[in-house]
Amino acid sequence: MIQYLLFAVAVLWIAIGVETWSDQKAGVRPVKDRARMADLAFPQLNGGEWRLSQHRGQVVLINYWASWCAPCRQETPGLIDLARDYRYKGLSIVGVSMDEGGKHAVESFLSEFHLPYPVLMPDLASPASPAIDALPTTVLVDRNGRAAKSYIGAVKESEFRADVDLLLAEQPAKPTFSPTPSASHREPGLPTPQSD
C-alpha cells in the first residue's frame with residue numbers, strides 16, 4: 001500500500017514539474033488603457049528598500065515567485081537572460097519572493113540560480129502584502145509607472161522579450177510644466193502688476 005502511495009506522489013510530482021508554459025494571448029495594453037501602479041515598496045533580501053518610483057523612466061518587470069513553485073523555476077532562467085541582456089537598455093527586473101520563512105526559505109533557490117536582479121521579501125502577514133492568486137505572476141510596468149501587461153503562469157523568455165522591446169520603443173511622457181503667468185495671462189485672483 002505504501003509503495004502505491006509513494007508511486008502516486010512521484011507521478012504527481014513529475015506531472016507538476018513538466019513544462020507548463022502559459023499562453024498569454026492578450027498583448028500589451030494601449031497607453032490610454034494603462035492604470036498607474038501604486039508606489040510599491042518592499043524590503044530587499046540583502047537590506048534596504050526597493051521602490052517602484054525610483055525606477056521611473058525604466059521599463060520594470062515585477063516577478064512574483066516562490067522557491068517551491070515548479071513553473072517559477074521553469075521561467076527563471078529566461079528572466080536571468082533578460083536581466084543580463086537588457087541591463088543597460090532601460091529594463092529593471094525585480095523578483096518578489098512569496099515564500100514564507102524569510103531569507104532561509106529562498107537561500108537554496110538563490111544559490112542555484114544566482115539571480116542578477118534584486119529579490120524582495122514582503123511581510124506576507126501584513127495587510128499591505130501583495131494579493132497574488134497564482135505563481136508565478138509577473139507585471140510589466142511602462143516607463144511612466146503604468147501597468148502595461150500582467151502574466152499568470154510560466155512565460156517564455158521570447159514573449160517577455162517581445163513585450164519589453166515594445167515598451168522600450170515607447171517614449172516616456174514628458175513632464176508637464178505650468179508656464180509662468182505673463183501680463184496677458186494671469187491666474188484668477190492674482191493682482192495685475194502696476195506701473196508707477
Side-chain angles (χ1 to χ4, degrees), residues 17-31 34 36-37 39-99 103 106-122 130 132 134-174:
V18 172
E19 287 190 4
T20 54
W21 295 111
S22 177
D23 184 21
Q24 309 288 328
K25 294 184 190 317
V28 171
R29 288 182 199 104
V31 173
R34 297 179 193 165
R36 183 158 307 281
M37 298 272 300
D39 186 18
L40 302 178
F42 296 121
Q44 293 188 62
L45 181 68
N46 295 327
E49 182 179 68
W50 184 93
R51 296 188 79 84
L52 180 59
S53 61
Q54 293 172 337
H55 297 274
R56 287 282 154 75
Q58 295 180 311
V59 172
V60 181
L61 200 60
I62 305 169
N63 179 248
Y64 296 90
W65 59 277
S67 60
W68 47 262
C69 164
C72 301
R73 290 177 162 277
Q74 182 182 348
E75 82 175 355
T76 297
L79 291 169
I80 292 168
D81 288 344
L82 276 176
R84 289 184 177 139
D85 292 350
Y86 286 80
R87 169 175 262 150
Y88 301 109
K89 296 179 182 177
L91 174 66
S92 178
I93 297 179
V94 64
V96 183
S97 171
M98 301 302 287
D99 284 281
K103 186 175 181 175
V106 299
E107 285 176 340
S108 66
F109 184 92
L110 297 176
S111 62
E112 178 182 346
F113 287 104
H114 306 285
L115 302 181
Y117 48 85
V119 174
L120 312 181
M121 299 289 298
I132 302 298
L135 293 175
T137 292
T138 305
V139 180
L140 182 61
V141 181
D142 71 14
R143 294 176 189 261
N144 296 302
R146 298 172 302 210
K149 186 171 181 178
S150 297
Y151 311 83
I152 297 175
V155 176
K156 291 182 179 179
E157 176 188 348
S158 59
E159 185 167 350
F160 281 140
R161 194 174 288 272
D163 292 341
V164 165
D165 285 340
L166 281 172
L167 291 187
L168 287 173
E170 294 177 354
Q171 294 302 315
K174 293 185 177 19

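It should be emphasised that the depicted structure is a prediction, and the values quoted were computed from it without experimental measurement.
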CG-CZ distance between Asp39 and Arg56, expressed to the nearest 0.5 angstrom: 6.5 Å

Shortest non-hydrogen contact from Pro122 toward Ser97: CD-O, 3.5 Å

Qualifying side chain to side chain donor-acceptor pair (under 3.5 Å) pairs with a residue from residues 58-67, counting only residues at least two apart or across chains: His55-Gln58, Asn63-Glu75, Asn63-Thr138, Ser67-Asp99

Val59 and Tyr86: CA distance, side-chain angles, deciding distance, side-chain contact (heavy atoms from CB on, under 4.5 Å) verdict: CA-CA 10 Å; Val59 172; Tyr86 286 80; over 6 Å; no

4.5 Å side-chain heavy-atom contact, Tyr117 and Leu79: yes

Distance in Å, Gln54 CD paired with Arg51 CZ, rounded so as to fall on 0.5 Å steps: 7.0 Å

Closest non-hydrogen atom pair, Pro136 against Ala154: CG-N, 3.7 Å

Point-to-point distance, once rounded to the nearest 0.5 Å, from CG of Leu140 to CG of Leu167: 4.5 Å

Nearest heavy atoms of Pro118 and Gln44, plus distance in Å: CB-OE1, 3.6 Å

Pairing residues for Ala162 by the side chain to side chain contact (heavy atoms under 4.5 Å, CB included) criterion, not counting sequence neighbours: none

Side chain to side chain contact (heavy atoms under 4.5 Å, CB included) involving Arg87 - partner list, sequence neighbours excluded: Pro116

Close side-chain approach of Asp85 and Arg161, heavy atoms under 4.5 Å: yes

Reported CE-to-CH2 distance for the pair Met98 and Trp68, which is rounded to 0.5 angstrom: 9.0 Å

Listed partners of Arg73 passing side chain to side chain contact (heavy atoms under 4.5 Å, CB included), at least two apart: Phe109, Glu112, Phe113

Qualifying residue for side chain to side chain contact (heavy atoms under 4.5 Å, CB included) with Val60, from Leu40, Leu52, Val164: Leu52

Minimum-distance pair of heavy atoms, taken over all atoms of Gln74 and Pro77: O-CD, 3.5 Å

Selection residues 134-145 - residue pairs positive for salt bridge (Lys or Arg N to Asp or Glu O under 4.0 Å), sequence neighbours left out: Arg34-Asp142, Asp142-Arg146

Check: Ile62 and Leu120 side chains under 4.5 Å, non-hydrogen atoms: no

Inter-residue atom distance Ser158.OG - Asp81.CG, 0.5 Å rounding: 11.5 Å

Close side-chain approach of Ser150 to Arg29, heavy-atom, < 4.5 Å: yes

Heavy-atom pair with the smallest gap, counting every atom of Lys149 and Val28: CD-N, 4.2 Å

Distance (rounded to the nearest 0.5 Å) between Leu135 CG and Ile152 CD1: 10.0 Å

Student check: side-chain heavy atoms of Leu45 and Leu110 closer than 4.5 Å: yes

With sequence neighbours excluded, residues passing side chain to side chain contact (heavy atoms under 4.5 Å, CB included) with Glu107: Lys103, His104

